[in-house]
Amino acid sequence: MESIKISLTLAESVKDFVNIVSKYNYNIDLRSGRFVIDAKSLLGIFSLDLSKPLTLEIHSEKCEQLIKDLKKYIVD
């Protein structure tokens, strides 16, 4: 499993993010504090506090391409 921090501050960003992660057939979760939702769920993402960075949890060992596709949302 790979974990990275991302930031989704605009509604357009969330829509683009969901379109990207939906292309991958493995499980991808978003964690905000104690809440965990499916990263492919548009409504689920909007239920989180988007003012803070989120933790993206990728349940696959082969996720290099996904990380490249999400580069604009990754924060340090």
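Side chains of Lys5 and Thr55: a donor-acceptor N/O pair is present below 3.5 angstrom, by distance only.
Both Leu42 and Val21 belong to a single network of hydrophobic side chains, linked directly or stepwise wherever heavy atoms of I, L, V, M, F, W or Y lie under 4.5 Å apart. The hydrophobic cluster containing Ile67 also contains Ile20, counting ILVMFWY residues as joined when their side-chain heavy atoms lie under 4.5 angstrom apart, directly or transitively. Residue Ile58 is grouped with residue Ile74 when hydrophobic side chains (ILVMFWY) are merged at heavy-atom distances under 4.5 angstrom, including chains of intermediate members.
Note: Phe35 CZ to Asp49 CG = 10.0 Å, rounded to the nearest 0.5 Å. Here the CD atom belonging to Gln65 is positioned 10.0 Å from the CG atom belonging to Leu70, to the nearest 0.5 angstrom. Atoms CG and CD1, from Leu66 and Ile28 in turn, are 5.0 Å apart once rounded to the nearest 0.5 Å. Atoms CD and NZ, from Glu2 and Lys62 in turn, are 14.5 Å apart once rounded to the nearest 0.5 Å.
Of all heavy-atom pairs spanning Ser32 and Leu48, the tightest one is CB-CD2, 3.9 Å. The two residues Asp29 and Asp38 have their closest heavy-atom pair at OD1-CA, 4.0 Å. Closest of all the heavy-atom pairs between Met1 and His59 is SD-CE1, 3.2 Å. Of all non-hydrogen atoms in Lys40 and Tyr26, the two that sit nearest each other are NZ-O, 3.0 Å. Considering all non-hydrogen atoms of both residues, Ser60 and Cys63 come closest at O-SG, 3.9 Å.
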Using residues 6-19 as the side-chain source, report each donor-acceptor pair under 3.5 Å to any protein atom, sequence neighbours left out, with the distance given to one decimal.
{"from": "Asp16", "atom 1": "OD2", "to": "Lys72", "atom 2": "NZ", "distance (Å)": "3.0"}
{"from": "Asp16", "atom 1": "OD2", "to": "Tyr73", "atom 2": "OH", "distance (Å)": "2.5"}
{"from": "Asn19", "atom 1": "ND2", "to": "Lys15", "atom 2": "O", "distance (Å)": "3.4"}

